[in-house]
Every structure is written in structure tokens, then in C-alpha cells.
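Below is one structure, written out as C-alpha cells, with a few remarks after it.
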Amino acid sequence: MTPLNGPLEVGVRALVLLAESHPQPLDLTQLVALDYLVLHSGEFDGPHSLHPDLPAREGELGRKRELLEQGLLVLIRAGLADLVSSDDGLMYAATENGPTFIEVLEAPYIASLRERAEWALRHYASPAHARSVTHQIINRAATGSASEGAGHG
């Protein structure tokens with residue numbers, strides 16, 4: 001099992017996002033974009049990025065979707081998240097246990113994740129914003145311009 005950016009770590013980051021948005025569910029596209037924003041928030045005029053600005057980090061998006069699906073399955077099996085059906089399709093939501101589980105985690109990294117998750121959800125939670133962020137990330141990869149900022153919505 002890969003300890004860094006493996007399904008467990010990605011699942012914990014997804015749970016932080018779901019706990020912060022609770023009871024509002026998020027779809028997989030939103031979770032992919034929000035997870036990128038949480039890790040690379042400094043690129044979008046947010047708090048200092050948690051992960052370094054490495055070349056080709058935009059390539060994370062392709063692998064992130066698969067890892068998020070695996071991480072979400074871990075959360076569902078643990079009773080911390082549920083798959084819910086809505087008019088917008090299948091979405092994920094924290095169960096009542098999800099936010100409680102995050103509350104008991106005391107690592108400084110979790111506190112940093114929560115701060116950035118709150119920021120990302122405040123500015124980019126809507127499905128339209130998730131699509132816009134995804135396009136911006138892809139366009140940065142195509143143009144090699146990581147210095148362009150994103151507008152807040």
C-alpha cells in the first residue's frame with residue numbers, strides 16, 4: 001500500500017471535505033477539484049499550499065479520481081460516508097460519524113486540511129466551480145502557466 005497519496009490518505013482528505021460540507025453531499029468531480037484545491041491552495045490565492053508546487057502536478061487529476069473512488073469505498077465500509085442519490089446523480093456525503101471522527105484527529109496536518117477545506121468549500125463548492133477549477137488546472141498544464149490565479153465565486 002502506498003502511504004502517501006494512497007487510498008487511505010486520499011480517503012481521509014475526502015472525509016475532511018465531506019465533514020466540512022456536511023450535510024451537503026459532493027459528487028466525485030467536486031471532490032477531485034476540491035482535493036486539488038486543498039493541496040495546492042496557494043495557486044488559487046488561498047492559504048499556503050500543503051503540498052509543494054512540483055512540475056506536472058496537474059497530472060494528479062487523472063490518478064486522483066481513481067484514488068478518491070478507492071478512498072471513498074474505505075470510508076463507506078467504515079461507516080464514515082455514504083453514497084447518496086440526488087437529482088444531480090450519485091453523490092457522497094459524510095455520515096453522522098464522519099465529522100465526529102475528524103474532530104477526534106489531533107494531528108497538525110488534519111487541522112491544516114480542515115482550514116483549507118473550509119476555504120475551498122467557501123469559494124469553490126458548486127459543481128460549476130468544480131468544472132471551472134478542473135479546466136483551469138488542465139489549461140495550466142497545457143500552457144505551463146502555474147502563476148495564473150483563479151477568481152473566487
Side-chain angles (χ1 to χ4, degrees), residues 1-22 24-78 80-84 86 88-94 98 101-102 105 107 109-153:
M1 182 162 135
T2 306
L4 296 176
N5 277 320
L8 184 58
E9 180 185 346
V10 174
V12 169
R13 291 196 313 254
L15 183 57
V16 168
L17 285 162
L18 293 173
E20 291 296 326
S21 72
H22 185 72
Q24 184 67 36
L26 300 169
D27 67 26
L28 192 56
T29 301
Q30 288 173 290
L31 285 166
V32 168
L34 290 166
D35 186 59
Y36 185 94
L37 285 164
V38 164
L39 298 179
H40 303 290
S41 51
E43 291 180 32
F44 294 85
D45 299 325
H48 184 270
S49 295
L50 283 175
H51 286 197
D53 292 338
L54 300 173
R57 66 191 164 279
E58 293 84 2
E60 292 176 25
L61 291 179
R63 181 89 171 104
K64 189 177 295 290
R65 186 175 189 90
E66 178 184 341
L67 287 170
L68 268 166
E69 288 176 325
Q70 293 171 7
L72 288 162
L73 284 175
V74 170
L75 297 177
I76 291 167
R77 287 184 190 130
L80 300 172
D82 277 328
L83 186 61
V84 296
S86 77
D88 296 323
L90 294 177
M91 302 182 84
Y92 297 89
F101 180 80
I102 293 299
L105 300 177
Y109 184 73
I110 297 296
S112 295
L113 280 175
R114 292 182 70 188
E115 173 191 347
R116 283 151 183 85
E118 183 182 324
W119 166 83
L121 286 161
R122 186 171 51 247
H123 295 290
Y124 298 100
S126 77
H129 283 119
R131 287 189 296 277
S132 173
V133 166
T134 302
H135 289 297
Q136 288 177 40
I137 295 165
I138 291 167
N139 288 338
R140 287 177 183 191
T143 64
S145 174
S147 62
E148 295 176 17
H152 298 290

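The residues of the chain are indexed from 1 along the displayed sequence. Small disclaimer: the values here were computed from a predicted structure and weren't measured.
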remark   = Between L75 and G11, the two heavy atoms sitting closest are CD1-O, 3.3 Å
ask   = Under 4.5 Å between any side-chain heavy atoms of F44 and W119, yes or no?
value = yes
Worked verdict on I110 versus V12 for side-chain contact (heavy atoms from CB on, under 4.5 Å) = CA-CA 9 Å; I110 297 296; V12 169; 3.8 Å; yes
request  = Could you tell me whether the side chain of I76 reaches within less than 4.5 Å of the side chain of Y92, counting heavy atoms only?
outcome  = yes
Expected output: side-chain S41 to main-chain P47 donor-acceptor under 3.5 Å = yes
ask   = Should the pair E118-R114 be classified as a salt bridge under the 4.0 Å nitrogen-to-oxygen rule?
value = no
task = State, with a plain yes or no, whether a side-chain heavy atom of L72 is found less than 4.5 Å away from one of L31.
result = yes
request  = Could you verify whether a donor N or O on one side chain and an acceptor N or O on the other, from S126 and H129, lie under 3.5 Å apart?
outcome  = yes
query = Where is the tightest heavy-atom contact between G98 and L15, given as atom of each residue plus distance?
reply = CA-CD1, 3.8 Å
key: Interatomic spacing from CD in E66 to CD in E69 - rounded to 0.5 Å   = 7.5 Å
task = Identify the two heavy atoms, one from L18 and one from L26, that lie closest to each other, and give their separation to 0.1 Å.
result = CD2-CD1, 4.0 Å
message = Between H40 and S49 (side chain of the first, backbone of the second, donor and acceptor by atom type, cut-off under 3.5 Å), is there such a pair?
response = no
L28/R65 under side-chain contact (heavy atoms from CB on, under 4.5 Å): CA gap, chis, key distance, verdict = CA-CA 7 Å; L28 192 56; R65 186 175 189 90; 3.6 Å; yes
inquiry  = Tell me whether Q30 contacts the main-chain N or O of D27 through its side chain, where contact means a donor paired with an acceptor under 3.5 Å.
reply    = yes
For the student: nearest non-hydrogen atoms of S86 and M91, plus distance = OG-SD, 3.2 Å
inquiry  = Has R13 got a side-chain atom pairing as donor or acceptor with L8's backbone, closer than 3.5 angstrom?
reply    = no
request  = Answer whether the closest heavy-atom distance between the side chains of Y36 and Q136 falls below 4.5 Å.
outcome  = no
query = Do Q70 and V10 have side chains that get closer than 4.5 Å, going by heavy atoms?
reply = no
ask   = Do you know which two heavy atoms are closest between K64 and V32, and how far apart they sit?
value = CD-O, 3.5 Å
inquiry  = Tell me if a side-chain donor or acceptor on D82 pairs with a main-chain N or O of V84 at a distance below 3.5 Å.
reply    = no
task = Taking the side chain as every heavy atom from C-beta outward, state whether E115 and E20 have any pair of such atoms under 4.5 Å apart.
result = no
Among L50, L121, V16, the one residue meeting side chain to side chain contact (heavy atoms under 4.5 Å, CB included) with V38 = L50
message = I'd like to know if the side chain of T134 and the backbone of A33 have a donor-acceptor N/O pair within less than 3.5 Å.
response = no
